[in-house]
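Everything quoted here is computed from the prediction, not taken from an experiment.
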Amino acid sequence: MAVRSFVSAALLLLVDVVVGTSTRLAPGPQRGGLAARSHVCASVAHDGSTSARLRGGLSRVLASLVPTDGAQQPAAQSEAAFARALGLHARFAACECPRLGPPLRRALEIFADAFRLYGADGVLGSFNGGKDAVVIFHLMRAALAHHQQGLADRETSAPGQLPPAPLRAKPQLIYFHDAREFGEVEDFVAAAVADADAQLHTYEGGIVEGLRAHIDAQKAAGRTAAFAFALGTRQGDPNCKGQTAFAPSSAWMPPFMRVNPILDWDYGLVWQFLRTYELPYCALYDRGYTSLGTQDDTLPNPALAIIDPVQPAAGGGAARARFRPAYMLADYSLERAGRMGKASKPPAANNGDADADAARAQPGARRPVERARTAGVVIIGDEILKGQIADTNGQYAMRQLRARGLEVRRIAFVRDDLDEISREVRLQSQQLDLVLTSGGVGPTHDDVTIRALALALDRPIEFNAPMAAMIREARGGAPLSPEQEKMALLPRGVSLRIAPAAADGEPPSSKWPLVQAENVFVLPGVPAFFAAKLDVILAHFVGGGQARAHTRTLVLSVHEEEIVKQLNEAVRANPAVSFGSYPVDEADYKTVVTIEGADELAVQAALGTLTRMMPPDVIVRQPSKNLEHMLQ
């Protein structure tokens with residue numbers, strides 16, 4: 001695996017060679033120790049060819065300046081860059097903001113411990129150009145300068161002077177480059193490293209391969225000591241569970257110590273830090289991107305979209321999307337709304353073609369909803385699990401689905417939790433023909449069903465213009481509030497299903513679209529609305545899977561344990577039907593046996609078999625309570 005080490009002289013030279021001085025860090029007032037703005041290098045045309053020239057030119061320039069084995073000793077940082085980093089540490093440590101100050105100082109303490117334990121050349125910072133990595137980058141260079149200044153002060157009689165070159169080691173950074181990286185990210189990384197006079201080791205490929213290659217290069221150079229790897233892992237990240245400030249790497253990874261200085265930071269705190277100290281960041285964040293991957297799996301965040309209605313010359317309406325900057329995202333839980341699964345390709349909108357949805361499933365895994373035979377229900381809501389509200393939607397769904405000949409194989413009650421909902425929806429979607437969700441839709445913080453659906457089906461969330469138009473129409477054409485815009489954020493490729501007869505006499509609620517993604521229908525949690533929507537689904541979009549089951553009951557005055565032998569014999573003699581036995585505590589009867597099957601004659605025959613096995617005096621012909629519910 002090829003590896004390069006970036007040094008500031010090479011980077012600055014390369015910028016001049018490839019694109020001229022227009023991409024150099026702009027002169028002007030110092031901003032957080034960097035004379036740059038968030039759009040540094042944004043003037044480079046990122047058409048792919050420029051990025052290719054940038055990488056190719058970089059390799060040629062570096063080849064003439066530094067070894068390419070990634071194992072050279074840390075070079076001395078310039079006095080100017082060191083002084084800027086030291087000043088940055090003083091500003092960070094003096095932060096008086098009650099929200100930012102404590103976690104900021106804690107992050108500096110974590111870095112101080114890392115440098116004390118592993119040394120200046122033993123701490124490696126992850127720098128991929130993303131916002132979290134930018135935070136780590138500036139914390140690391142500030143903490144390293146403070147650490148080395150402390151070492152120098154202890155060795156001299158004149159503390160406070162800049163340390164000599166051996167105590168001005170450059171911050172060691174690592175960058176795992178992807179062939180589909182955004183050009184803006186590449187430019188930002190190069191410019192930031194050059195201005196901070198840091199040392200960047202770049203590897204093609206993923207983190208595991210890159211770290212192994214780096215460790216091998218270090219061993220080849222004689223450095224065998226353990227090292228620490230500083231990461232921008234934060235709360236809510238997919239890999240943050242079980243992490244602490246210092247955590248050994250997993251067994252399947254190369255050996256190193258994870259350092260997580262900002263583990264307790266949230267999205268808002270990241271942006272407060274960057275904006276408070278006017279620190280540069282990648283230009284993509286000003287264009288609505290909130291979480292950066294590659295060009296193949298990253299889109300602007302639809303939650304930041306500004307929809308401008310326009311009238312094209314040919315007539316009709318259209319929508320043009322602009323995006324607010326990333327720091328304006330109000331709902332931090334939507335940070336990754338613009339990210340797609342790396343292994344998936346976004347499905348095309350199918351306008352309700354359930355066969356096309358089924359084709360994307362594993363062959364034979366499920367039937368299209370029009371021919372559904374099995375179903376599942378996901379009931380969502382903390383209030384239900386806490387016993388504050390009794391669920392009626394699950395019972396209604398089971399009865400109605402059964403009446404249509406669908407077998408309900410699973411019903412689950414889950415909290416208003418993104419991961420729990422997505423896991424259950426994914427499970428049911430893969431195993432059953434039809435899935436219904438109840439609750440968790442709306443504009444409030446605990447309405448996470450739509451995002452969970454997108455996660456379960458591995459689809460990005462995007463602004464759905466048809467849904468926005470329907471919401472706008474329902475409001476009499478008034479502009480949408482941010483809360484209402486959130487309701488127009490849907491998984492890519494969903495179908496908005498409206499009953500064909502909705503305009504001709506059906507209830508007004510049936511005119512509001514149903515959201516369908518593959519074999520999953522999203523329903524509201526309010527019982528009246530849930531029932532109305534389910535009736536529409538069963539009437540128009542879901543076929544009756546099988547003929548309705550025929551059911552008969554036998555009511556007995558004896559306890560269940562007294563009929564075990566007869567019941568077992570009847571079950572063995574009638575394999576085409578299913579038996580159920582239910583103990584009850586009524587004055588005139590103690591057991592109710594149900595017999596169910598698709599063949600009415602087989603059900604009648606089984607009932608006759610069991611009846612003949614029972615003494616006549618134990619059969620209750622007219623029970624005191626209506627047992628109609630046993631037949632539904």
Side-chain angles (χ1 to χ4, degrees), residues 31-32 34 36-44 46 97 99-100 103-104 107 126-139 178 180-189 191-192 231-238 240 262-308 320-340 418 445 451 454-455 460-463 481-483 485-486 488-489 492:
R31 302 184 63 190
L34 289 179
R37 285 193 278 260
S38 67
H39 55 270
V40 64
C41 292
S43 60
V44 180
H46 303 301
C97 173
R99 169 169 158 77
L100 178 59
L104 178 51
S126 175
F127 191 43
N128 62 1
K131 60 186 182 302
D132 301 325
V134 174
V135 174
I136 292 298
F137 169 63
H138 292 296
L139 290 173
D178 191 287
R180 295 291 293 159
E181 194 78 81
F182 284 98
E184 291 89 341
V185 171
E186 294 173 334
D187 293 344
F188 170 73
V189 168
L231 297 155
T233 303
R234 288 189 292 107
Q235 56 176 280
D237 286 352
C240 76
I262 61 171
L263 191 62
D264 296 329
W265 292 34
D266 61 23
Y267 180 89
L269 200 61
V270 166
W271 282 109
Q272 183 180 351
F273 171 77
L274 294 176
R275 287 170 56 76
T276 295
Y277 295 101
E278 298 183 292
L279 299 170
Y281 51 83
C282 180
L284 292 174
Y285 289 114
D286 283 338
R287 304 178 199 164
Y289 291 82
T290 55
S291 177
L292 296 182
T294 68
Q295 297 179 57
D296 294 331
D297 59 27
T298 310
L299 298 169
N301 194 320
L304 293 171
I306 305 171
I307 303 301
D308 297 330
R320 180 181 66 251
R322 296 182 293 114
F323 294 89
R324 303 178 181 91
Y327 58 79
M328 294 187 69
L329 183 68
D331 185 348
Y332 301 162
S333 65
L334 290 173
E335 176 184 353
R336 297 178 63 85
R339 294 291 292 272
M340 298 176 282
L418 183 68
H445 71 283
R451 283 184 281 127
L455 183 61
I461 292 179
E462 62 186 12
F463 188 88
S481 67
E483 293 76 19
E485 287 183 353
K486 179 182 175 182
L489 300 178
R492 173 177 290 179

Next item on the list: Determine, stepwise, if the pair L489 / E462 fulfils side chain to side chain contact (heavy atoms under 4.5 Å, CB included).
Entry: CA-CA 5 Å; L489 300 178; E462 62 186 12; over 6 Å; no
Checklist line | Shortest non-hydrogen separation from G288 to F323 and the atoms involved | finding: CA-CB, 3.6 Å
Next item on the list: Can you measure from CD1 (I136) to NZ (K131) and round to the nearest 0.5 angstrom?
Entry: 12.5 Å
Next item on the list: Please work out whether the ring planes of W265 and F273 are parallel, tilted or perpendicular, with thresholds of 30° and 60°.
Entry: perpendicular
Notebook entry, point to check: Ring centroid separation for Y289 and F182, is it under 6.0 angstrom?
Noted result: yes
Check: Does D132 pair with R234 as a salt bridge, N-O distance under 4.0 Å?
Finding: yes
Check: Got a donor-acceptor contact below 3.5 angstrom from the Q235 side chain to the D264 backbone?
Finding: yes
Checklist line | Residue pair P280 / V134: nearest heavy atoms and the distance that separates them | finding: O-CG1, 3.5 Å
Margin query: Working to the nearest 0.5 angstrom, can you tell me the gap between E186 CD and N128 CG?
Written below: 12.5 Å
Check: Got a second to check how far L329's CG is from Y285's OH, nearest 0.5 Å?
Finding: 12.0 Å
Next item on the list: Output, in order, the C-alpha distance, side-chain angles, deciding distance and verdict of side chain to side chain contact (heavy atoms under 4.5 Å, CB included) for T290 and Y267.
Entry: CA-CA 9 Å; T290 55; Y267 180 89; 3.3 Å; yes
Note to self: Any side-chain to backbone donor/acceptor pair from T294 onto E181? Under 3.5 Å, distance only.
What the structure shows: no
Checklist line | Nearest-0.5 Å distance that lies between atom CG in L304 and atom CG in L334 | finding: 9.0 Å
Check: So do R287 and E184 actually touch side chain to side chain, heavy atoms under 4.5 Å?
Finding: yes
Next item on the list: Classify the side-chain pair Y281/D286 by whether it contains a donor and acceptor separated by less than 3.5 Å.
Entry: yes
Next item on the list: Report yes if the side chains of I262 and L139 come closer than 4.5 Å at any heavy-atom pair, otherwise no.
Entry: yes
Next item on the list: State, with a plain yes or no, whether a side-chain heavy atom of L284 is found less than 4.5 Å away from one of F188.
Entry: no
Check: Of the non-hydrogen atoms in G130 and L292, which two are nearest, and what is the gap between them?
Finding: CA-CD1, 4.5 Å
Note to self: Using every non-hydrogen atom in the two residues, find where A305 and R324 come nearest and quote the distance to one decimal.
What the structure shows: O-NH1, 3.4 Å
Item checked: Note, L104 side chain near Y277 side chain (heavy atom, < 4.5 Å) -> yes
Item checked: Minimum-distance pair of heavy atoms, taken over all atoms of G129 and C282 -> O-CB, 4.0 Å
Note to self: Would you compute the distance between atom CD1 of I461 and atom CZ of R336 and round it to the nearest 0.5 angstrom?
What the structure shows: 11.5 Å
Note to self: Tell me the closest heavy-atom pair linking S126 and A133, and the distance in Å.
What the structure shows: O-CB, 3.6 Å
Checklist line | Pairwise distance CG(L299) to OG(S291) - rounded to 0.5 angstrom | finding: 11.5 Å
